[in-house]
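One structure is given here, and the rest of the page talks about it.
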Amino acid sequence: MDFQLSDDQRALRSGMRGLLDAVFDRDRMRAAVERGGTLDRSLWRELGAAGFFALRLPEEAGGVGLGLPEAVLLFEEAGRALLPGPLVATHLAAGLVKGAAEGETVVTAVDGDLPVAHLAEADAVLVGADALVGEPLRAFVAAARPVRSMDPLTPLHRVAGRTGPTQAHSGALHYEGALLTAAEQLGSAARTTETAVQHAGAREQFGSPIGSFQAVKHLCADMLARTEPARAAVYAAAVTGDPVEIAAAKLLADEAAVRNARDCLQIHGGMGFTWEADVHLHLKRAWLRSAAGLGGAAAEELLAAGLGAARPDPGSSAAPGRGAP
């Protein structure tokens, strides 16, 4: 079985990277930071026109007719570019909420007890299996209060009066949302690895590139060694759709995104902590995403339960009562 990306998948990924380079370059990303993460509706519509949200809808429903593996590739590119907005919720709402597939409607989601992202700008809010629009949405927003967000590109609101945790999405969509979030984390981990290697090759100390120093080499190697297993896990989970494999992929991608951003900061030295550098934005977004969908504890519990349910084949050498050959 061949698990390499097909030519069509590579072209899809390359096309999305080219689109994001054109419509959300560093200048536009920095402009979004300065305006407090307010969504650019024209950018949202461009994503809709490119099929970002309707990617998995059937062609007869106006979609592209592709699957979860292709969606993972697009969300990886979105994470690489630090693209802001409730991308996962709007993608999953395509076909369920009017205008979501075309990028005309911004859809966010309630995810347990976490603050809700981009609530003030949302045209609909997913609460479990329900989508709030119109008057119920206005009442929901009125009961919310803004809270300080560590990520300047992700404004947050906390909703008062909720009595219990609610999954961001119901059924299979819950795990698909977690996987797409993991894909964003993977993209961020890959981008910070590239940024660290590029800086290590260009920055000089004592007359030599800092990348020639063993300590810096080890940091860069560790970043790659976290990114590639996470990539394999995310891509494999996209093929199987198995919740346990999705939980494992989310754990690996969260670790890669957070730790790679921290190592990238260290390689940049004091400059990495400055507002002008972009590294801290990847770290802050990675922290937020690591709690979303299947957060660390929930993913670990699901993975542990899946491993505990596994039983050795009675005919194998690992079965009770049989010694090793």
Side-chain angles (χ1 to χ4, degrees), residues 1-17 50-59 61 63-80 83 87-96 101 167-191 193 224-257 289-290 292-296 298-311 313:
M1 186 175 291
D2 185 5
F3 282 102
Q4 296 295 320
L5 297 182
S6 68
D7 290 341
D8 288 342
Q9 288 173 327
R10 292 180 189 276
L12 179 68
R13 183 174 63 181
S14 176
M16 179 52 61
R17 183 172 298 189
F52 188 93
F53 302 119
L55 186 78
R56 295 192 296 144
L57 282 182
E59 293 184 42
V64 184
L66 296 178
L68 195 55
E70 289 76 21
V72 157
L73 297 177
L74 297 194
F75 275 83
E76 182 182 350
E77 291 302 314
R80 184 180 183 277
L83 191 64
L87 300 166
V88 173
T90 304
H91 177 88
L92 295 178
L96 303 175
Q167 286 186 350
H169 313 284
S170 60
L173 292 182
H174 174 64
Y175 297 107
E176 292 175 4
L179 181 61
L180 296 178
T181 304
E184 290 182 290
Q185 293 282 63
L186 171 61
S188 180
R191 182 59 176 266
T193 301
L224 184 65
R226 284 189 288 265
T227 302
E228 292 310 310
R231 185 188 310 280
V234 169
Y235 286 6
V239 172
T240 66
D242 181 77
V244 175
E245 294 193 16
I246 290 173
K250 181 66 163 51
L251 286 170
L252 287 171
D254 286 343
E255 180 185 26
R289 288 198 198 108
S290 63
L294 282 171
E300 288 169 357
E301 289 291 340
L302 180 58
L303 183 58
L307 293 173
R311 293 290 183 270
D313 184 344

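- Counting only residues at least two apart or on different chains, the side-chain hydrogen bond (donor to acceptor under 3.5 Å, both in side chains) pairs with a member in residues 244-253 are Thr240-Glu245, Lys250-Asp254.
- Phe53 and Ala94 make their closest contact through O-CB, 3.2 Å (heavy atoms, listed as atom of the first residue, atom of the second, distance).
- Legend: residues meeting side-chain contact (heavy atoms from CB on, under 4.5 Å) with Gln9, ordered by chain and number and at least two apart, are Leu5, Ser6, Pro69, Glu70, Leu73.
- For the atom pair CG of Leu173 and CG of Leu96, the computed distance is 7.0 Å after rounding to the nearest 0.5 Å.
- For residues 178-188, the salt bridge (Lys or Arg N to Asp or Glu O under 4.0 Å) pairs, not counting sequence neighbours, are Glu184-Arg289.
- Listed here is the closest heavy atom pair of Ala247 and Leu294: CA-CD1, 4.0 Å.
- Under the salt bridge (charged side-chain N to carboxylate O under 4.0 Å, His left out) criterion, Arg231 pairs with Glu76, Glu228, sequence neighbours left out.
- Rounding to the nearest 0.5 Å gives a distance of 11.0 Å between CG of Leu92 and CG of Leu87.
- Residues Leu186 and Ala253 approach most closely at N-CB, 4.3 Å, considering heavy atoms.
- Take Arg80 and apply the side chain to side chain donor-acceptor pair (under 3.5 Å) test, not counting sequence neighbours, and it matches Glu194.
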Practice task
Take Phe52 and Thr90 through the side-chain contact (heavy atoms from CB on, under 4.5 Å) test and state the conclusion after the steps.
Solution key: CA-CA 10 Å; Phe52 188 93; Thr90 304; over 6 Å; no
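- Applying the salt bridge (charged side-chain N to carboxylate O under 4.0 Å, His left out) criterion to Glu301, with sequence neighbours excluded, gives no partner residue.
- A 4.5 Å side-chain heavy-atom check between Leu252 and Val234 finds every atom pair outside the cut-off.
- From Phe75, atom CZ reaches atom OG1 of Thr181 across 8.0 Å, with rounding to the nearest 0.5 Å.
- Between Ala299 and Leu251 the shortest heavy-atom distance is CB-CG, 3.7 Å.
- Remark: Asp8 CG to Arg13 CZ distance equals 13.0 Å, nearest 0.5 Å.
- Leu66 contributes atom CG, which lies 8.5 Å from atom CG of Leu74 (distance to the nearest 0.5 angstrom).
- The two residues Leu302 and Val244 make their nearest non-hydrogen contact at O-CG2, 4.1 Å.
- Nearest heavy-atom pair, Ala237 versus Ala249, reported as atom, atom and distance to 0.1 Å: CB-CB, 4.2 Å.
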